[in-house]
A.B. asks: 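Would you mind keeping the following structure in view while I ask a few things?
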Amino acid sequence: MSTTLSQNSSSQYHEAPELFAAVIADSLPPVSERLPDNPQVIKPFNKIGKYGDELRFGLSGQGNMDPIRAWGNMGLVQHDFDSNFTKIIPHVAESFEVNEDNTVFTFHLRKGMKWSDGTLFTADDVEFAVNDILLNKDLQPLAQVWSAGGQSVKFHKIDQLTFTFSFIEPYSEFLHVLADRRYLHPTLYQKAYCSRAHPDYNPNLDAELKANNLNDWRDYLRALSGDPRAVGTRWENPDRPTLEAWKIVAPYKGGSTMVVLERNPYFWQVDTDGNQLPYINKLIGIVYGDPEGMLLGAIGGNNDLGFSIFGTPVNRPLLAKTAGRHGSELYPATAIGGTSLLFQLNLTHKDPELRKLFNEKDFRVALSIGLDRQEIIETALFGDGVPWNNAPFEDSPMYHERYATENLQFDKNEANRLLDKLGLTKRNSDGIRLLPSGRPVHFIVESTNRPPERIDQLEMMIQQWRRNLGLDIRANITVSSLMLSRTNNNDHDAAIWVDFASWMPGRFPTSMVPLEFDSRWGIDWVNWYKSDGKRGEEPPNHIKERFLLYEKSRGAPNLEARKKYYHQIAEIAADQFETFGISKNTTNYGLKKIALKNVHPSNPSSNQYPLSLQKPWSFFWDTETGNRPDI
């Protein structure tokens with residue numbers, strides 16, 4: 001979508017009428033002074049758009065971050081939508097180079113590029129974000145993705161527009177890290193604004209903290225600038241300078257019923273005719289109490305584009321039936337891999353007896369083959385699915401058949417034989433198998449309260465385990481924040497989640513290697529890995545071997561080399577069989593207004609490739625008036 005200005009376009013840039021009026025009123029500099037010397041040029045997907053009006057989308061409660069950040073992820077680089085996400089292309093950075101051994105990454109910024117407050121964006125801002133925020137040990141622990149060979153990234157400023165990131169060993173995957181929505185630190189922190197909350201820059205910080213009723217400068221920094229990994233905080237402060245296409249004016253915080261973002265007059269992209277983007281004036285995020293409320297808003301015509309939470313299989317018939325009532329059409333979110341439900345026993349459980357049982361491979365296999373997945377798919381997923389573990393699909397270059405399909409066939413007799421072999425032969429009066437201590441085989445599976453078909457799958461699994469195997473398994477269904485608190489603290493027995501495994505660069509294979517807290521099957525091993533052995537629990541050798549293979553994969557020079565390492569990991573993981581899935585992820589459907597143009601025919605249903613990769617600042621309303629349809 002990035003290109004050059006068309007031959008027929010005027011050398012003069014154009015802007016939205018509202019901004020031109022502000023220029024005439026002398027309250028805003030001319031557009032040529034607001035844009036960088038060489039703005040990024042975007043070729044719209046359908047055609048050159050029209051300026052005007054607003055776009056409405058839904059948010060489910062106060063912690064639903066993905067729908068809002070989909071409109072403005074601004075990294076130095078990004079995945080290229082037009083190459084099916086196989087390439088990394090410049091974004092905020094004008095260009096970049098990588099040395100031959102993938103240890104030094106050099107970036108060049110756009111001369112004259114500005115933040116939303118009109119101040120220049122330079123290498124000083126990136127240096128502050130990296131050295132004073134990201135690598136600051138007084139802030140939260142550094143994520144492993146910013147290190148290679150056991151040492152953190154080194155930042156070097158060459159001049160105001162040029163800088164490098166360097167590592168002590170090859171790290172070809174680093175560009176994919178910089179494209180990830182979770183690791184946008186280099187482009188989020190304006191030094192002039194954020195340094196007021198930093199003790200190294202503000203000698204009067206104590207007084208400022210007192211004036212803001214705060215005791216800790218770190219809380220002040222987060223209040224001013226947010227955190228890319230913290231739910232919602234990036235959109236709580238309207239004064240925060242941004243590089244995004246729209247800037248927050250009505251914040252997303254506790255009690256909000258509506259979030260409003262307005263056009264950034266200093267946005268640094270234009271279309272091929274020289275029109276400054278975005279076309280749409282304003283974004284309106286409607287905050288619903290829950291996914292059901294969000295669904296009602298969608299079928300009532302109140303959302304112009306959305307598919308993240310309510311567009312699940314159970315809701316598809318209703319969406320299809322109501323799509324035409326408000327000028328909408330079904331909008332597909334295509335699955336790229338993975339499973340609709342990933343089941344994980346806690347292999348680092350605090351209870352010794354449950355830990356011993358969970359670490360028996362035969363127990364995990366019995367749980368898996370004791371499930372009639374076809375019955376679950378037919379009932380909870382309306383027949384739309386194929387039994388599958390958390391693996392890439394057959395059409396992926398990373399496909400691994402054994403890991404994807406192992407232990408999925410329903411075999412009640414074999415499952416019971418395995419449980420008997422483990423010594424779980426005695427039962428209580430309710431028919432529940434007993435542990436050697438005499439306790440029932442009882443544990444709880446943690447789950448979020450959305451989406452409904454995931455809960456339906458879990459409830460059917462629990463019923464089948466009791467009926468087929470004599471196991472007393474229950475569910476604890478709660479909001480995601482409480483579930484994550486329990487699992488991150490290793491206070492859980494088991495947990496379910498959804499995963500869109502692709503094993504492509506930039507993603508963690510967390511169901512095979514305990515790298516991040518998504519690996520709820522080995523939280524204490526995650527802590528050990530992330531702390532270089534200072535915390536958590538030392539894992540067994542087969543886990544250590546996978547850590548080493550994963551580290552090697554990060555420096556793999558190409559996809560084929562990466563595949564070699566990942567398939568070695570997959571063979572070990574298949575041998576151990578720590579986690580399993582239920583069904584393939586399937587295409588979900590949301591709703592899109594037909595008059596909204598420059599939207600691709602579909603979007604992947606994975607946060608790895610969010611809506612922002614379509615450059616939604618090029619979306620526009622294609623109606624006679626150029627405005628949003630009157631509904």
A.B. asks: Assess, by modelled atom type and distance only, whether the side chains of Thr86 and Asn84 contain a donor and an acceptor separated by less than 3.5 Å.
C.D. replies: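 Absent: no donor and acceptor within the cut-off.
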A.B. asks: Can the ring centroids of Tyr252 and Trp71 be said to lie less than 6.0 angstrom from one another?
C.D. replies: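 No, they do not, as the ring centres are separated by 6.0 Å or more.
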A.B. asks: Check side-chain contact (heavy atoms from CB on, under 4.5 Å) between Thr510 and all other residues, then give those that pass, not counting sequence neighbours.
C.D. replies: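 Applying side-chain contact (heavy atoms from CB on, under 4.5 Å) to Thr510 gives Asp499, Phe508, Glu516, Asp518, Ser519.
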A.B. asks: Looking only at side-chain N and O atoms, does Thr487 offer a donor or acceptor that is under 3.5 Å from a partner on Asn489?
C.D. replies: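 There is no such pair between these side chains.
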A.B. asks: Quick one: are Asp524 and Lys350 in side-chain contact, heavy atoms under 4.5 Å?
C.D. replies: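 Of all side-chain heavy-atom pairs linking Lys350 with Asp524, none is under 4.5 Å.
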A.B. asks: If you look at every heavy atom in Tyr331 and Pro601, which pair is closest and at what distance?
C.D. replies: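 Looking at all heavy atoms of both residues, the shortest contact is CE1-O, 3.6 Å.
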A.B. asks: Measure up the Phe107 and Phe96 rings against each other and bin them: parallel (under 30°), tilted (30 to 60°), perpendicular (over 60°).
C.D. replies: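 Correct class here is tilted.
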A.B. asks: Between Tyr566 and Trp503, what is the ring plane arrangement, given parallel below 30°, perpendicular above 60°, and tilted in between?
C.D. replies: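 Ring orientation, 0 to 90° scale: tilted.
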A.B. asks: Does the His567 side chain pair with the main chain of Met398, one donor and one acceptor, at a distance under 3.5 Å?
C.D. replies: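 Between the backbone of Met398 and the side chain of His567 there is a qualifying donor-acceptor contact (under 3.5 Å).
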A.B. asks: Is the shortest side-chain heavy-atom distance between Leu142 and Leu134 below 4.5 Å?
C.D. replies: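 Counting from C-beta outward, Leu142 and Leu134 do come under 4.5 Å.
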A.B. asks: What verdict does the side-chain hydrogen bond (donor to acceptor under 3.5 Å, both in side chains) test give for Asn346 and Thr348, after you've listed the backbone C-alpha separation in whole Å, the side-chain angles of each residue and the deciding distance to 0.1 Å?
C.D. replies: CA-CA 5 Å; Asn346 182 3; Thr348 61; 3.1 Å; yes
A.B. asks: Does any part of the side chain of Leu559, heavy atoms only, come nearer than 4.5 Å to the side chain of Pro505, both counted from C-beta?
C.D. replies: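 Side-chain contact under 4.5 Å: yes.
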A.B. asks: How far apart are the C-alpha atoms of Tyr609 and Thr334, what are their side-chain angles, what is the distance that settles it, and do they pass the side-chain hydrogen bond (donor to acceptor under 3.5 Å, both in side chains) test?
C.D. replies: CA-CA 11 Å; Tyr609 307 121; Thr334 55; over 6 Å; no
A.B. asks: Can you check whether Val98 reaches Tyr171 side chain to side chain, under 4.5 Å on heavy atoms?
C.D. replies: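 No; the side chains remain at least 4.5 Å from each other.
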A.B. asks: Measure up the Trp525 and Trp521 rings against each other and bin them: parallel (under 30°), tilted (30 to 60°), perpendicular (over 60°).
C.D. replies: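 Because their plane-to-plane angle is over 60°, the rings of Trp525 and Trp521 count as perpendicular.
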A.B. asks: Please answer whether the main-chain N or O of Glu406 pairs with a side-chain N or O of Asn389 as donor and acceptor at a distance below 3.5 Å.
C.D. replies: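 Answer holds: yes.
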A.B. asks: Hey, could you give me the CZ/CG distance between Phe517 and Leu484, rounded to the nearest 0.5 Å?
C.D. replies: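 One finds 11.0 Å between CZ of Phe517 and CG of Leu484.
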A.B. asks: Which atom names give the shortest non-hydrogen contact between Asn390 and Thr339, and what distance separates them?
C.D. replies: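 The answer is OD1-N, 3.6 Å.
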A.B. asks: Hey, what's the ring geometry for His600 with Phe81, parallel, tilted or perpendicular (30° and 60° as the breaks)?
C.D. replies: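 Rings of His600 and Phe81: tilted, 30 to 60°.
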A.B. asks: Can you tell me if Lys421 has over 12 outside heavy atoms packed within less than 6.0 Å of its NZ?
C.D. replies: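 No, because the 6.0 Å sphere around NZ of Lys421 holds 12 heavy atoms or fewer from other groups.
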A.B. asks: Answer yes or no: is there a side-chain heavy-atom contact under 4.5 Å between Val445 and Met461?
C.D. replies: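 The answer is no; the side chains never approach within 4.5 Å.
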A.B. asks: Mark yes or no for whether Ser583, through its side chain, and Pro387, through its backbone, hold a donor-acceptor pair below 3.5 Å.
C.D. replies: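 Not at all, since once roles are kept as given, no pair shorter than 3.5 Å links the two residues.
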A.B. asks: One thing to verify: whether Glu244 and Arg234 come together as a salt bridge, which I'm taking to mean a side-chain N less than 4.0 angstrom from a carboxylate O.
C.D. replies: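 Looking at Glu244 together with Arg234, the answer is yes, because their closest N to O distance falls below 4.0 Å.
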A.B. asks: State, with a plain yes or no, whether a side-chain heavy atom of Arg316 is found less than 4.5 Å away from one of Asp384.
C.D. replies: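 Contact flag for Arg316/Asp384 side chains = yes.
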A.B. asks: Keeping the roles fixed (side chain from Asn359, backbone from Leu347), state whether a donor-acceptor pair exists under 3.5 Å.
C.D. replies: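 Indeed, once roles are kept as given, a pair shorter than 3.5 Å links the two residues.
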A.B. asks: Atom CG of Leu178 and atom CG of Leu76: how far apart are they, to the nearest 0.5 Å?
C.D. replies: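 Result: 6.0 Å between the selected atoms.
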A.B. asks: Indicate yes or no for a side-chain donor-acceptor contact from Thr586 to the backbone of Gly385 under 3.5 Å, with no hydrogens or angles considered.
C.D. replies: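 No, the answer is negative, given that no donor and acceptor are paired below the 3.5 Å cut-off.
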A.B. asks: Using modelled atom types only, decide if a donor and an acceptor are shared between the side chain of Arg554 and the backbone of Glu173 within a distance under 3.5 Å.
C.D. replies: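 Pair absent, no side-chain N/O of Arg554 close to backbone of Glu173.
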A.B. asks: Taking Asp411 for the side chain and Glu414 for the main chain, is one N or O donor matched with an acceptor at less than 3.5 Å?
C.D. replies: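 Checked: pair present.
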A.B. asks: Relative to each other, are the rings of His176 and His79 parallel, tilted or perpendicular (30° and 60° limits)?
C.D. replies: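 Ring orientation, 0 to 90° scale: tilted.
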A.B. asks: Looking at Gly337, is its backbone amide N or carbonyl O close enough to the side chain of Ser502 to form a donor-acceptor pair, meaning the two atoms are under 3.5 Å apart?
C.D. replies: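 No; zero donor-acceptor contacts below 3.5 Å.
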A.B. asks: List for me each residue that meets side-chain contact (heavy atoms from CB on, under 4.5 Å) alongside Ala475, sequence neighbours excluded, and say none if there are none.
C.D. replies: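 Ala475 satisfies side-chain contact (heavy atoms from CB on, under 4.5 Å) with Leu458, Ile462, Ile477 once adjacent residues are dropped.
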A.B. asks: Under 4.0 Å between a side-chain nitrogen and a carboxylate oxygen: does that hold for Lys412 and Glu375?
C.D. replies: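 Salt bridge between Lys412 and Glu375, a charged N being under 4.0 Å from a carboxylate O: no.
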A.B. asks: Distance check, rounded to the nearest 0.5 Å: Ile444 atom CD1 versus Ile473 atom CD1?
C.D. replies: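 These two atoms lie 11.0 Å from each other.
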A.B. asks: Atom NZ of residue position Lys87 - does it have more than 12 heavy atoms of other residues, nucleotides or ligands inside 6.0 Å?
C.D. replies: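 Not buried by this count: 12 neighbours or fewer within 6.0 Å.
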A.B. asks: Do Leu367 and Phe580 have side chains that approach each other closer than 4.5 Å (heavy atoms only, starting at C-beta)?
C.D. replies: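 Yes, at least one pair of side-chain atoms sits under 4.5 Å.
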A.B. asks: If every non-hydrogen atom of Pro610 is compared with every non-hydrogen atom of Asn73, which pair is closest and at what distance?
C.D. replies: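 Shortest heavy-atom contact: CG-ND2, 3.7 Å.
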A.B. asks: Side chains of Gln409 and Ile369: does their closest heavy-atom pair fall under 4.5 Å?
C.D. replies: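 Side-chain contact under 4.5 Å: no.
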A.B. asks: Would His492 and Gln344 count as a side-chain contact (heavy atoms from CB on, under 4.5 Å) here? Give the steps.
C.D. replies: CA-CA 10 Å; His492 62 297; Gln344 305 177 73; over 6 Å; no
A.B. asks: So among Arg546, Arg364, Arg402, which one has a salt bridge (Lys or Arg N to Asp or Glu O under 4.0 Å) with Asp575?
C.D. replies: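 It is Arg402, the one option of Arg546, Arg364, Arg402 that forms the salt bridge (Lys or Arg N to Asp or Glu O under 4.0 Å) with Asp575.
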A.B. asks: Could you tell me whether a side-chain N or O of Glu169 sits under 3.5 Å from a main-chain N or O of Gly149, the two making a donor and an acceptor?
C.D. replies: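 Flag set: sc Glu169 to bb Gly149 pair under 3.5 Å.
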A.B. asks: According to the interplanar angle, ranging from 0 to 90°, do the rings of Trp465 and Phe443 count as parallel (below 30°), tilted (30 to 60°) or perpendicular (above 60°)?
C.D. replies: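 If you compare the ring of Trp465 with that of Phe443, the planes turn out tilted.
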A.B. asks: Give me the one residue out of Phe363, Phe343, Phe577 that meets side-chain contact (heavy atoms from CB on, under 4.5 Å) with Ser368.
C.D. replies: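 Looking at Phe363, Phe343, Phe577, the match for Ser368 under the side-chain contact (heavy atoms from CB on, under 4.5 Å) is Phe577.
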A.B. asks: Give the ring-plane orientation class for His349 versus Phe358, where under 30° counts as parallel, over 60° as perpendicular and anything between as tilted.
C.D. replies: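 The rings of His349 and Phe358 stand perpendicular, inter-plane angle above 60°.
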A.B. asks: How about CD on Glu378, more than 12 heavy atoms from neighbouring residues, nucleotides or ligands closer than 6.0 Å, or not?
C.D. replies: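 Buried by this count: over 12 neighbours within 6.0 Å.
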A.B. asks: As an exercise, state the distance from CG of Leu135 to OG of Ser152, rounded to the nearest 0.5 Å.
C.D. replies: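 OG of Ser152 is found 6.0 Å from CG of Leu135.
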A.B. asks: Which class fits the ring pair Phe167 and Phe105: parallel under 30°, tilted 30 to 60°, perpendicular over 60°?
C.D. replies: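 Answer is perpendicular, since the angle exceeds 60°.
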A.B. asks: Determine whether more than 12 heavy atoms belonging to other residues, nucleotides or ligands lie under 6.0 Å from atom CD of Glu537.
C.D. replies: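 Counting neighbours around CD of Glu537, more than 12 heavy atoms of other residues, nucleotides or ligands fall under 6.0 Å, so yes.
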A.B. asks: Is the number of heavy atoms from other residues, nucleotides or ligands under 6.0 Å of Glu560 CD greater than 12?
C.D. replies: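 Incorrect, the count does not exceed 12.
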A.B. asks: Looking only at non-hydrogen atoms, find the nearest pair between Ala391 and Trp388 and report the distance.
C.D. replies: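 Taking Ala391 first and Trp388 second, the nearest heavy atoms are O-NE1, 3.1 Å.
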A.B. asks: Salt bridge or not for Asp180 and Arg507, using N-O below 4.0 Å?
C.D. replies: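 So Asp180 pairs with Arg507 through a salt bridge.
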A.B. asks: What's the separation between atom CZ in Phe500 and atom CD1 in Ile336, rounded to the nearest 0.5 Å?
C.D. replies: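 The distance works out to 8.0 Å.
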A.B. asks: Do side-chain atoms of Asn468 reach the backbone of Gly370 as a donor and acceptor pair under 3.5 angstrom?
C.D. replies: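 Pair found, side chain donor or acceptor close to backbone of Gly370.
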A.B. asks: We want to know whether Ser340 and Glu453 form a side-chain donor-acceptor pair, criterion being a heavy-atom distance below 3.5 angstrom.
C.D. replies: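 Side-chain D/A pair, Ser340 to Glu453: absent.
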A.B. asks: Kindly compute the distance separating CG (Leu515) from NZ (Lys530), expressed to the nearest 0.5 Å.
C.D. replies: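 The NZ atom of Lys530 is 8.5 Å from CG of Leu515, to the nearest 0.5 Å.
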